[in-house]
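Worksheet for the structure shown next.
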Amino acid sequence: MAESAPTRLIDPCNRHLNYLRVSITDRCNLRCMYCLPQESLPRLSHDDILRYEEVLRIVRVAVGLGITKVRVTGGEPLVRNGVYEFLLQLSVVPGLIDISLTTNGVLLKDNLHRLQAAGIARLNISIDTLQPERYRAITGTDVFDRVWDGIRAAEALGFHPIKLNAVALKGVNDDELVDLARLSFEHPYHVRFIEFMPIGKSRWAGRPPLLVPEIQERLRVLGELTPVPRSEHDGPAQRFRFKGARGEIGFIPAISRHFCDRCNRLRLTASGQLRPCLLSDLQEDLRGPLRRGCEDAELAEIFLRTTRHKPSEHSLAGGEPAHTCCQMRSIGG
Ligand code: SAM
């Protein structure tokens, strides 16, 4: 594997941006209560969505500037046609050392071999409950068993790490936090608890938050959580382990203890907008210049400009409401 470029993506707060999250679609096969409102929202047209070759070109430019980690997300990435061929092409981009996928797991079980063949070993799977009926209530679809079978099959095939993401929702799944965390004893899973973020419109907006300190308090019954040393490519999760556990516990305290000071991310939306912060509507258009036939140098300049404009912290950290007009499904979470 070729050596990665030293990063030129250093923002005014001296944060080294080496991680690009790439949303390849705004389509999803679930309608999670914390992600979408009741009413249906307009979707991007086929033409608005970046073609795979456009995404790959942008990634190559980003890698030339020092991006070494890419996470493919959505919407639900596995619903997009051609995704496995795309992942394969992504996995051979010289200089990328970490490629992972975030999925709701609905289409996982039957496609694990294709993911493996495409060079994906690291999976984040969203699962907010272990109860099938509750899963249906949260996501609008009765597919808990299918998702759980996919997770078990991924474990059997040696995918590692398998990170299970649960958005903590007061009055919905807070009585299951311990059960979810207990999975880390029986399986090598990294169970991660995410605070709800008020992004775009959703059926959960305005509800009382369930924050990480309270989650940690509830998990005390399982023993003491020992911190796991951070590594270079760690995202915002605070990592811990219970004594004797095979897996880990992670917390993503987006609101209660924001992690902006060590944010190393840029986000590419499905429509080709480059965003320096999940919780801000600042964005730079890459699709327009790309389709007008620009040189790579112009794309690189857009990356550098976006980096220069990365907010020092998100507005929620200062107690203000989020001003994102975009939905999570088009930014990619
Ligand atoms: N469809 C894929 C999935 O379900 O994992 C990828 C896209 S989804 C937008 C990425 C992650 O964002 C999921 O773990 C989901 O639970 C999380 N998410 C969505 N809306 C959220 C919100 N308002 N607050 C916190 N996390 C959210």
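Counting starts at 1 for both ligands and their atoms, in listed order.
The closest side-chain donor-acceptor pair between Thr226 and Arg241, if any, does not fall under 3.5 angstrom.
Using the six-membered ring where Trp is involved, Phe196 and Trp204 have ring planes that are perpendicular, over 60° apart on the 30 and 60° scheme. Aromatic ring pairs are classed by plane angle as parallel below 30°, tilted from 30° to 60° and perpendicular above 60°; the pair Trp148 and His187 is perpendicular.
For ligand 1, the atoms lying closer than 4.0 Å to a non-hydrogen atom of Asn165 are 14 (O). For ligand 1, the atoms lying closer than 4.0 Å to a non-hydrogen atom of Gly75 are 1 (N), 2 (C), 6 (C), 7 (C). Short contacts between ligand 1 and Thr73, defined as distances under 4.0 Å to a heavy atom of the residue, involve ligand atoms 6 (C), 7 (C). Of all atoms in ligand 1, numbered sequentially from 1 with element shown, those under 4.0 Å from a heavy atom of Thr103 are 2 (C), 3 (C), 5 (O).
Not a single heavy atom of Ile199 sits closer than 4.0 Å to an atom of ligand 1. Under a 4.0 Å heavy-atom criterion, Gly74 is in contact with ligand 1.
The shortest N or O to N or O distance between Met197 and ligand 1 is under 3.5 Å. An N or O contact shorter than 3.5 Å links Ser126 to ligand 1 by distance. At a 3.5 angstrom cut-off on N or O pairs, Asn124 does not count as close to ligand 1. Residue Asp128 places no N or O, backbone or side chain, under 3.5 Å from any N or O of ligand 1.
Protein heavy atom at the shortest distance from atom 16 (O) of ligand 1 is Tyr34 OH, 3.1 Å. Looking only at protein heavy atoms, the nearest one to atom 9 (C) of ligand 1 is Met328 CG, 3.6 Å.
Tyr84 and Phe159 end up in the same hydrophobic cluster when Ile, Leu, Val, Met, Phe, Trp and Tyr side chains are linked at under 4.5 Å.
Counting non-hydrogen atoms of neighbouring residues, nucleotides and ligands closer than 6.0 angstrom, the CZ atom of Arg43 reaches no more than 12 such neighbours. For Gln38, the CD atom sits in a loose shell: 12 or fewer heavy atoms of surrounding residues, nucleotides or ligands are nearer than 6.0 Å.
Between atom 26 (N) of ligand 1 and the options Thr25, Val167, Ile252, Leu30, the minimum heavy-atom separation is to Val167.
Using a distance-only test at 3.5 Å, with no hydrogens or angles considered, a donor-acceptor pair links the side chain of Arg31 to the main chain of Pro37. At distances below 3.5 Å, not a single donor-acceptor pair connects side-chain atoms of Asn173 with backbone N or O atoms of Glu176. Here the side chain of Glu76 pairs a donor or acceptor atom with the backbone of Asn104 at under 3.5 angstrom.
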